[in-house]
J.: 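Have a look at the structure that comes next, please.
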2 protein chains.
Amino acid sequence: MTRRAEAADMPHHGEIKTPDRLRRRASRLLSQMSAQSDRLINEGLAQADAHKWHYAVLASLQEHGPGSQATLSRRAGIYRSDMVGVLNELAERGLVGRAPDPDDRRRNVITITAQGRRHLRRLDKVLDDLHDQLLAPLAPAERDQFVQLLTRLLDHHTQQAPRPPRIP
Amino acid sequence: MTRRAEAADMPHHGEIKTPDRLRRRASRLLSQMSAQSDRLINEGLAQADAHKWHYAVLASLQEHGPGSQATLSRRAGIYRSDMVGVLNELAERGLVGRAPDPDDRRRNVITITAQGRRHLRRLDKVLDDLHDQLLAPLAPAERDQFVQLLTRLLDHHTQQAPRPPRIP
DNA sequence: CGGGTTGCGTTAGTCGCACTAACGATGTAC
DNA sequence: GTACATCGTTAGTGCGACTAACGCAACCCG
């Protein structure tokens, strides 16, 4: 209070770097957009009685073939502790088979069933639609670029970086 | 088992749409990248004894001047319920002032202090560094484009969309 | 052979963040 | 003056990411 008047609370013009720096911070944009995306996707998948993780597991099975739970866990980026429940749900609905591996009795071998493949096709459609909503404001070329930028960033921070854990 | 051999689990070539569709889904990229970003930022800010929300509040105060808690809440995208704790922490450290509004006795008027401004300057530097790490693999022009794409997406999903809540 | 390390599936639980519900106190509109 | 909205605050939910510890099976190496 002793120093001059209290005009000090208003933006300091003459010292401007970025007006609106809050809204432009990539970290904020990422977390807010991720929340928005999560909401959209979860709602959409819920209407198909599904879950993000179901899709991830089924898609990874379809693309890389059967595998142990730990393998799937790494492929799909889901922790083994969470994988248990996901596979329970998928197995209950007959979308995957879970059988002990005769060659290594610690493992379960997970395979996708015909019904699972059918379900995956449905989910793929649902997700195509949802991503169309998600990326609505971007032109096709921009969508590709967006995905490409994100991919490069993610690769940088997962693969070679000594950043914290990545499905340990 | 009764139907031919079990080659049915491998990827169906001849039906390929996108190989690797899991990894290319924007929703997945967003959530994974957001997690990575959160980790990086939180760690960095923790070393400065700070928090994402502290920065958001201080920056919004600096840019738009003082305001009630509810106003700040809307400006910074933080729920009123969370704002209470954030302001307690900031006030404890003498970074903001919190005084009852004489014109409307429901409100508290929050102002940034000189010390708060100093702290904000520090945080801005820290965040600049962290974002440099975050966006390391992108060239300057690409960083701008990334931010611009994210901004457009976020605007679309917050402003005009009847999507769920945005600080109600 | 035997003993240590490593990987497996499972259970339980933590932490942080977005978000809701409800409260008393105050202000606004009709 | 009565109904309704808004404010700050407390408490609590739900979910996703993540950790710890378990018993078991397999592998390594001396």
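Computed over heavy atoms, backbone and side chain alike; hydrogens, waters and symmetry mates excluded. Per chain, numbering begins at 1; letters A, B, ... match sequence-line order.
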J.: CE of A:M83 versus P of C:dG7: gap in Å, rounded?
T.: 18 Å
J.: Specify the residue among A:S81 and A:R107 whose closest nucleotide of DNA chain C lies further upstream toward the 5′ end.
T.: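 In this pair, the answer is A:R107.
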J.: Would you say B:N108 and B:D101 make side-chain contact, with heavy atoms under 4.5 Å?
T.: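 No, side chains not in contact.
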J.: Would you check if there is a donor-acceptor pair between the side chains of B:S37 and B:S34 at a distance under 3.5 Å?
T.: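 Side-chain D/A pair, B:S34 to B:S37: absent.
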J.: Whole angstroms only, please: what is the CG-C1' distance between B:D82 and D:dT9?
T.: 12 Å
J.: Nearest whole angstrom, please: distance from the C1' of C:dC8 to the CG of A:D101.
T.: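 The answer, rounded to whole Å, is 11 Å.
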J.: In this structure, how many angstroms lie between the C1' atom of D:dA20 and the OH atom of A:Y79, rounded?
T.: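 It works out to 13 Å between those atoms.
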J.: Whole angstroms only, please: what is the CG-C1' distance between A:L87 and C:dT11?
T.: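 The distance from CG of A:L87 to C1' of C:dT11 comes to 15 Å, rounded to the nearest Å.
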J.: Within this structure, what is the CG-to-C1' distance between B:N108 and D:dC7, rounded to whole angstrom?
T.: 9 Å
J.: Under 4.0 Å between a side-chain N/O of A:Q69 and OP1 or OP2 of C:dT10, yes or no?
T.: yes
J.: Which residue, A:D103 or B:V109, contacts DNA chain D at a nucleotide closer to its 5' end, judged by nearest heavy atom?
T.: B:V109
J.: Looking at the base of C:dG27, is there any donor atom on it, or on the side chain of B:R106, that sits under 3.5 Å from an acceptor on the other one?
T.: no
J.: Could you go through B:D128 and B:K125, starting from their C-alpha distance and side-chain angles, then the distance that decides it, and tell me whether this counts as salt bridge (Lys or Arg N to Asp or Glu O under 4.0 Å)?
T.: CA-CA 5 Å; B:D128 283 346; B:K125 285 217 167 139; over 6 Å; no
J.: At under 4.0 Å, does any side-chain N or O of A:H51 touch on OP1 or OP2 of D:dG16?
T.: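 It does, given that an N or O in the side chain of A:H51 lies less than 4.0 Å from OP1 or OP2 of D:dG16.
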J.: Under 4.0 Å between a side-chain nitrogen and a carboxylate oxygen: does that hold for A:R25 and B:D124?
T.: yes
J.: Heavy atoms only, 4.0 Å cut-off, all strands: where does A:S68 land among base, sugar-phosphate and nothing?
T.: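 A:S68: backbone/sugar contact only, no base atoms under 4.0 Å.
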J.: Below 4.5 Å, heavy atoms only, C-beta onward: do B:V109 and B:P100 meet side chain to side chain?
T.: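 Result no, sub-4.5 Å side-chain heavy-atom pair not found.
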J.: So which nucleotide from D:dA17, C:dA18, D:dA21 ends up closest to the side chain of A:W53?
T.: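 Given the options D:dA17, C:dA18, D:dA21, the side chain of A:W53 is closest to D:dA17.
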J.: Quick one: is B:R39 getting a side-chain N or O under 4.0 Å of the C:dG16 phosphate, OP1 or OP2?
T.: no
J.: Take B:R93 and B:D49 through the salt bridge (Lys or Arg N to Asp or Glu O under 4.0 Å) test and state the conclusion after the steps.
T.: CA-CA 11 Å; B:R93 299 168 203 201; B:D49 185 36; 3.1 Å; yes
J.: Hey, what bend do you get for the helix from C:dG4-D:dC27 to C:dC30-D:dG1 if you fit axes on five pairs at each end, rounded to 10°?
T.: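 What I find for the helix from C:dG4-D:dC27 to C:dC30-D:dG1 is an axis angle of 10°.
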J.: Listed by chain and number, what are the side chain to side chain donor-acceptor pair (under 3.5 Å) partners of B:T151, not counting sequence neighbours?
T.: none
J.: Has the side chain of A:D38 got a donor or acceptor atom sitting under 3.5 Å from an opposite partner on the base of D:dC15?
T.: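 A donor-acceptor contact between them is absent.
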J.: In whole Å, what is the span from the CD1 atom of B:I110 to the C1' atom of D:dT9?
T.: 13 Å
J.: In terms of side-chain heavy atoms of A:R105, which of D:dA25, C:dC8, C:dT10 is nearest?
T.: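 Side chain of A:R105 sits closest to D:dA25.
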J.: So which nucleotide from C:dC8, D:dC7, C:dT20 ends up closest to the side chain of A:R80?
T.: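 Of all the options, the side chain of A:R80 is nearest to C:dC8.
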J.: Starting at CG of A:D104 and ending at C1' of D:dC27, how long is that distance when rounded to a whole Å?
T.: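 The distance from CG of A:D104 to C1' of D:dC27 comes to 10 Å, rounded to the nearest Å.
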J.: Inspect the contact between A:E63 and B:R21 and indicate whether a charged nitrogen and a carboxylate oxygen are less than 4.0 angstrom apart.
T.: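 Yes, charged N to carboxylate O under 4.0 Å.
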J.: Heavy atoms from C-beta onward define the side chain here; which of C:dT11, C:dC8, C:dT26 lies closest to that of A:A70?
T.: C:dC8
